[in-house]
Amino acid sequence: MVDDRERTYNESYVQSIGKDEPERDFMEETAAEIAEPVRRNDERGEEEADGAGLGWLALALSIISLFIWPVLLGAAGIIVGFIARRRGAETLGAWAIGIGIVAIIVRLFIMPFYS
């Protein structure tokens, strides 16, 4: 029998082993492209930049709400934080939401005991 290292899929090989292999039509060499894929600037890149700006705004509102107008600025920070998260600023939006909630909870449940 023919050594597998010198196996070729031509008619002489098929005649030497005495049977026709169904996979021989698919055993051909193909190559993948080496070039880097084309990158486009589409709306998604601009959307993420918009989300980052909203995320910083939400975080600023939430931090300011720790000192003045906790219910109003905290609620605004939470709302803008949700919008920022939907536009791509996941971390900034989450922090803004968390700090806004903390500011509201401190004002409504803890500060009345110290007044």
Side-chain angles (χ1 to χ4, degrees):
M1 186 175 262
V2 178
D3 188 16
D4 282 341
R5 288 179 296 198
E6 297 183 20
R7 188 176 190 181
T8 59
Y9 291 94
N10 57 21
E11 296 300 323
S12 65
Y13 176 71
V14 173
Q15 290 173 356
S16 69
I17 61 171
K19 65 179 182 178
D20 188 23
E21 293 184 7
E23 68 179 351
R24 73 182 185 96
D25 292 333
F26 302 107
M27 296 296 289
E28 51 189 46
E29 186 176 338
T30 59
E33 293 295 325
I34 298 174
E36 183 179 355
V38 177
R39 299 184 190 270
R40 295 180 297 157
N41 290 336
D42 54 358
E43 298 84 29
R44 191 157 186 88
E46 296 171 5
E47 186 175 301
E48 289 177 2
D50 186 34
L54 283 174
W56 285 110
L57 174 66
L59 189 62
L61 286 171
S62 294
I63 290 173
I64 293 170
S65 74
L66 291 170
F67 303 105
I68 57 170
W69 301 332
V71 176
L72 181 66
L73 290 179
I78 292 170
I79 292 169
V80 177
F82 274 113
I83 294 170
R85 285 192 68 203
R86 292 195 67 185
R87 294 203 178 177
E90 299 278 331
T91 307
L92 287 171
W95 274 100
I97 293 168
I99 293 172
I101 290 172
V102 167
I104 292 173
I105 289 174
V106 166
R107 173 64 181 115
L108 294 179
F109 297 111
I110 296 174
M111 288 303 288
F113 294 114
Y114 292 104
S115 302

**Q** Determine the minimum heavy-atom distance between Phe113 and Phe109, stating which atoms define it.
**A**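 Shortest heavy-atom separation between Phe113 and Phe109 comes out as CE1-O, 3.1 Å.
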
**Q** Could you pull out the closest heavy-atom pair between Ala103 and Pro70, with the gap in Å?
**A**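 Heavy-atom minimum between the residues: O-CB, 3.8 Å.
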
**Q** How close do Ala89 and Gly51 get, heavy atom to heavy atom, and via which atoms?
**A**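 In terms of heavy atoms, the two residues are closest at CB-O, 3.1 Å.
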
**Q** Taking all non-hydrogen atoms of both residues into account, name the closest pair between Ser62 and Gly77 and its distance.
**A**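 That would be OG-CA, 3.5 Å.
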
**Q** Find out if a path of hydrophobic residues (ILVMFWY) with successive side-chain heavy-atom gaps under 4.5 Å connects Tyr114 to Val106.
**A** yes

**Q** Looking only at heavy atoms, which two atoms of Pro112 and Arg107 are closest? And how far apart?
**A** CD-O, 3.4 Å

**Q** Are Ile105 and Leu108 linked, directly or through other ILVMFWY residues, by side chains that come within less than 4.5 angstrom of each other?
**A** yes

**Q** Answer yes or no: is there a side-chain heavy-atom contact under 4.5 Å between Leu92 and Trp95?
**A** no

**Q** In this structure, would Trp69 and Leu61 fall into the same cluster of hydrophobic residues linked by side-chain contacts under 4.5 Å?
**A**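 Yes, Trp69 and Leu61 fall within the same hydrophobic cluster.
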
**Q** Could you state the interatomic distance from CG (Leu59) to CD1 (Ile63), rounded to the nearest 0.5 Å?
**A** 4.0 Å

**Q** Same cluster or not: Val80 versus Leu72, using hydrophobic residues (I, L, V, M, F, W, Y) connected whenever any side-chain heavy atoms lie under 4.5 Å apart?
**A** yes

**Q** Assigning hydrophobic clusters by single linkage (Ile, Leu, Val, Met, Phe, Trp, Tyr; side-chain heavy-atom cutoff under 4.5 Å), is Val102 placed with Ile97?
**A** no

**Q** Nearest 0.5 Å, please: how far is CZ in Phe82 from CG in Leu54?
**A** 14.5 Å

**Q** Nearest 0.5 angstrom please: Ile101 CD1 to Ile78 CD1, how far?
**A**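 If I round to the nearest 0.5 Å, the distance is 4.5 Å.
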
**Q** In Å and rounded to the nearest 0.5 Å, what is the CD1 to CD1 distance from Ile99 to Ile104?
**A**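 One gets 12.5 Å once the value is rounded to the nearest 0.5 Å.
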
**Q** Is it true that a side-chain atom of Ser65 and a backbone atom of Leu73 form a donor plus acceptor pair closer than 3.5 Å?
**A**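 Between the backbone of Leu73 and the side chain of Ser65 there is no qualifying donor-acceptor contact (under 3.5 Å).
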
